[in-house]
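Comments concern the structure below.
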Amino acid sequence: MTTVRTRIAPSPTGDPHVGTAYIALFNLCFARQHGGQFILRIEDTDQLRSTRESEQQIYDALRWLGIEWDEGPDVGGPHGPYRQSERGHIYKQYSDELVAKGHAFPCFCSAERLDAVRAEQMANKETPRYDGHCMHIDPAEAQQRIAAGEAHVVRMKVPTEGVCVVPDMLRGEVEIPWDRMDMQVLMKTDGLPTYFLANVVDDHLMGITHVLRGEEWLPSAPKLIKLYEYFGWEQPQLCYMPLLRNPDKSKLSKRKNPTSVTFYQRMGYLPEAMLNYLGRMGWSMPDEREKFSLAEMVEHFDLSRVSLGGPIFDVDKLSWLNGQWLRELPVERFAAEIQKWALNPQYLMQIAPHVQNRVETFSQLAPLAGFFFMGGVSPDAKLFEHKKLSPEQVRQALQLILWKLEALRQWNKDNITAIINAVAAFMGCKLRDLMPLIFPAISGQASSVSVLDAMEILGPDLSRFRLRQAVELLGGVSKKETKEWEKLLAAIE
């Protein structure tokens, strides 16, 4: 009997997302329920955006939740390497095989030509797709051009007629017309694979038997199925999990809900409660009880209990569930968790140097440094009234700083200061003009200890959250303003 093997394959390009944890949890439960193995693979072929810091955050966030893997980059295993950036030679071998078999071809089209073709297709109300321009180039000529160093990608051939039947473990057979499929790029000009080739090759070589992934990948499933067919490999069983949604039913996004696992850790949620809540996303225990542990979820796990309606990620409901967990803890464990959360020596030692010279008694610590131990703060809107900037400029400045900070990967005082300086220069003012806005946004007060040091200590999750709260307090940003202001970001350096 084949051992069940599932996997999660996150990209280390940002904060560890609750959606990643949600899919990881269901893959883990399915594997454990069947006595199988769960593998972690890192999809880091996006060389511009992938970082080792982000990769480490993924490990830390999943482990904080209690999700452990049997094989992965940090624990090893018989099917490594488990980082796709270290498997380039493997993908090239299989890409060459597809070209040799006539299932794929080198494409030399420039970005300008592709843009022009798509623009014409859209003008004619056609589905934009590759037009097959390089598909009929003589293989010998193609090899000569490659040998001469001409930039190219490798594209797969796809049928243009008929339908592909996608067997989904949740939905049954899903029919998707081939005329919706583009000739997918498999290998990029930098010699690294795209998601499609890397996933199929890795899943096959790593013996993955079941793939549970988000339903946003269902429309492109035919391309994956076709690749298995081209290689002559048995495809794993496919399961497309319902996407997490905001309360307004839109796809979960950080613009409307904090989506970083680390944010919930910093806010003081218990990992067991967080995992419990993710387990309730589209799934339920046989007895419908709300509170259950990972071990209980594994014991009773059955995919037939997954609901296809988009599960709503509701922070208020999560907070309620976290409260249930907190109240049922033994009081010794409750006190220990508080210490682990924020009253630990490592965190206190970061704060101590900034408050030591500003107090005369320990009793003055709470009003001065209390914001270090809070999730959100509640500043008075009057604190954002500015002598030089209009209310709209105040909102704009805070929003631009927030967006720039959301893209910041190296979180430290110097980089934070550089961003605020850059936004100030863009708006025709100085750093000291914007700092009176940052103090209340971060500390809830008109003044505090060094707010830039405080932001480094609080970390990206809480700092961004508080800036987002400040913008909302001042009226938020309309869709029109969002479009207009986002265009300004490129000019801020």
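For the pair P440 and Q445, the minimum side-chain heavy-atom distance is 4.5 Å or more. Side-chain atoms of T45 and T194, non-hydrogen and from C-beta on, never get closer than 4.5 Å to each other. Within the 4.5 Å cutoff, no side-chain heavy atoms of K388 are placed close to those of Q393. A 4.5 Å side-chain heavy-atom check between L467 and L405 finds at least one atom pair inside the cut-off. No side-chain heavy atom of L270 sits less than 4.5 Å from a side-chain heavy atom of M274. Contact check for I42 versus Y59: side-chain heavy atoms found under the 4.5 Å cut-off. Between R333 and I338 the shortest side-chain heavy-atom distance does not fall below 4.5 Å.
Side-chain polar atoms of S284 and R305 form a donor-acceptor pair below 3.5 angstrom. Between the side chains of E272 and N276, no donor-acceptor pair is found at a separation under 3.5 Å. When only modelled atom types and interatomic distance are considered, Q184 and K223 share a side-chain donor-acceptor pair under 3.5 Å. Side chain to side chain, T361 and S363 meet the donor-acceptor criterion of an N or O pair below 3.5 Å.
Nearest heavy-atom pair, G191 versus M187, reported as atom, atom and distance to 0.1 Å: O-CE, 3.2 Å. Across every non-hydrogen atom of M374 and L462, the tightest pair is O-CD1, 3.8 Å. Nearest heavy-atom pair, T6 versus L28, reported as atom, atom and distance to 0.1 Å: OG1-N, 4.4 Å. Nearest approach of Y264 to P258, heavy atoms of both residues: OH-O, 2.6 Å. Closest approach of F384 and A470 over heavy atoms only: CZ-CB, 3.9 Å. Nearest heavy atom pair, residue G459 against residue S463, reads O-OG, 2.8 Å.
A salt bridge links R171 with D168: the distance from a Lys NZ or Arg NE/NH1/NH2 to an Asp or Glu carboxylate oxygen falls below 4.0 Å. Checked for salt-bridge contact, E43 and R83 miss the test: no charged N lies under 4.0 Å from a carboxylate O. Salt-bridge check for R49 with D46: passed, with a basic side-chain N closer than 4.0 Å to an acidic carboxylate O. The pair E215-R245 meets the salt-bridge criterion, with a side-chain N (NZ, NE, NH1 or NH2) lying under 4.0 Å from an Asp/Glu carboxylate O. Residues E68 and R63 are paired through a salt bridge, judged by an N-O separation under 4.0 Å between the basic side chain and the carboxylate. Salt-bridge check for R468 with E406: passed, with a basic side-chain N closer than 4.0 Å to an acidic carboxylate O. A salt bridge is defined here as a Lys NZ or Arg NE, NH1 or NH2 lying under 4.0 Å from an Asp or Glu carboxylate O, and E290 with K317 meets this definition. One finds no salt bridge joining E392 and R395 here, because no Lys/Arg side-chain nitrogen approaches an Asp/Glu carboxylate oxygen to under 4.0 Å.
Considering CG of L318 and CG of L278, their distance stands at 8.0 Å, rounded to 0.5 Å. To the nearest 0.5 Å, atoms NZ (K413) and CD (E456) are separated by 8.0 Å. To the nearest 0.5 Å, the span separating CG on L25 from CE on M281 amounts to 11.0 Å. One finds the CG atom of L212 at 5.5 Å from the CG atom of L303 (value rounded to the nearest 0.5 Å). Of the inter-residue distances, the one linking S378 atom OG with Q469 atom CD reads 7.0 Å to the nearest 0.5 angstrom. To the nearest 0.5 Å, atom CE of residue M427 and atom CG of residue L400 are 6.5 Å apart.
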Apply salt bridge (Lys or Arg N to Asp or Glu O under 4.0 Å) to residues R7 and D202 and explain how you reach the verdict. CA-CA 10 Å; R7 53 77 171 167; D202 288 348; over 6 Å; no
Stepwise, does the salt bridge (Lys or Arg N to Asp or Glu O under 4.0 Å) test hold for D287 with R289? CA-CA 6 Å; D287 61 3; R289 71 179 181 271; 2.4 Å; yes
Please determine whether side-chain contact (heavy atoms from CB on, under 4.5 Å) holds for the pair C429 and L434, giving the CA-CA distance in whole Å, both sets of side-chain angles, and the decisive distance to 0.1 Å. CA-CA 8 Å; C429 57; L434 295 190; 4.0 Å; yes
Could you walk me through whether Y277 and F292 satisfy the ring pair (Phe, Tyr, Trp, His ring centres under 6.0 Å) test, starting with their C-alpha distance in whole Å, then the side-chain angles of each, then the deciding distance to 0.1 Å, before giving a yes or no? CA-CA 9 Å; Y277 188 68; F292 50 83; over 10 Å; no
Report the C-alpha separation of L243 and L252 in whole Å, then their side-chain angles, then the decisive distance to 0.1 Å, and conclude whether the side-chain contact (heavy atoms from CB on, under 4.5 Å) test is met. CA-CA 8 Å; L243 282 180; L252 187 67; over 6 Å; no
Quick one: do N415 and I419 satisfy side-chain contact (heavy atoms from CB on, under 4.5 Å)? Show the steps, please. CA-CA 6 Å; N415 288 345; I419 282 175; 5.8 Å; no
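Taking a 6.0 Å sphere around CD of E360, one finds it holds 12 or fewer heavy atoms contributed by other residues, nucleotides or ligands. In F334, the CZ atom is not crowded: 12 or fewer heavy atoms of neighbouring residues, nucleotides or ligands sit closer than 6.0 Å.
Residue F263 is tested with Y269, W64, F465 for a ring pair (Phe, Tyr, Trp, His ring centres under 6.0 Å); the sole match is F465. Of the candidates I442, T417, N412, L452 forms a side chain to side chain contact (heavy atoms under 4.5 Å, CB included) with just one, namely T417.
One N or O on the side chain of E296 and one on the backbone of S293 form a donor-acceptor pair closer than 3.5 Å. A donor-acceptor pair under 3.5 Å is formed between the side chain of R266 and the backbone N or O of L458. Side-chain atoms of W69 never come within 3.5 Å of backbone atoms of I8 as a donor-acceptor pair (strictly under, hydrogens ignored). At distances below 3.5 Å, not a single donor-acceptor pair connects side-chain atoms of E120 with backbone N or O atoms of V117. Distance alone, capped at 3.5 Å, places no donor-acceptor pair between the N124 side chain and the E126 backbone. Of the possible polar contacts, none joining the R129 side chain to the D182 backbone as a donor-acceptor pair under 3.5 Å is found.
Applying the ring pair (Phe, Tyr, Trp, His ring centres under 6.0 Å) test to pairs two or more places apart or on separate chains, none has a residue in residues 412-445.
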Side-chain donor-acceptor contacts of residues 484-493 below 3.5 Å, not counting sequence neighbours, with atom names and distances?
| residue | atom | partner | partner atom | Å |
| --- | --- | --- | --- | --- |
| E486 | OE2 | R255 | NH1 | 2.8 |
| E486 | OE2 | R255 | NH2 | 3.4 |

List, one per line, each side-chain donor-acceptor pair under 3.5 Å for residues 15-24, sequence neighbours excluded.
| residue | atom | partner | partner atom | Å |
| --- | --- | --- | --- | --- |
| D15 | OD2 | R464 | NH1 | 2.6 |
| H17 | ND1 | G19 | N | 2.7 |
| Y22 | OH | P242 | O | 2.6 |

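Ring geometry, Y195 versus W217: the interplanar angle falls under 30°, so the pair is classed parallel (tilted spans 30 to 60°).
Taking F301 as the reference, F26, W283 meet the ring pair (Phe, Tyr, Trp, His ring centres under 6.0 Å) condition, with sequence neighbours excluded. Contacts of Y82 classified as side chain to side chain donor-acceptor pair (under 3.5 Å), with partners at least two apart in sequence or in another chain: E71. Partners of D248 according to the salt bridge (charged side-chain N to carboxylate O under 4.0 Å, His left out) rule, which considers only residues two or more places apart in sequence or in another chain, are K256.
Taking the ring axis of F38 as reference, the NZ or CZ atom of R32 does not stay both within 45° of it and closer than 6.0 Å to the ring centre.
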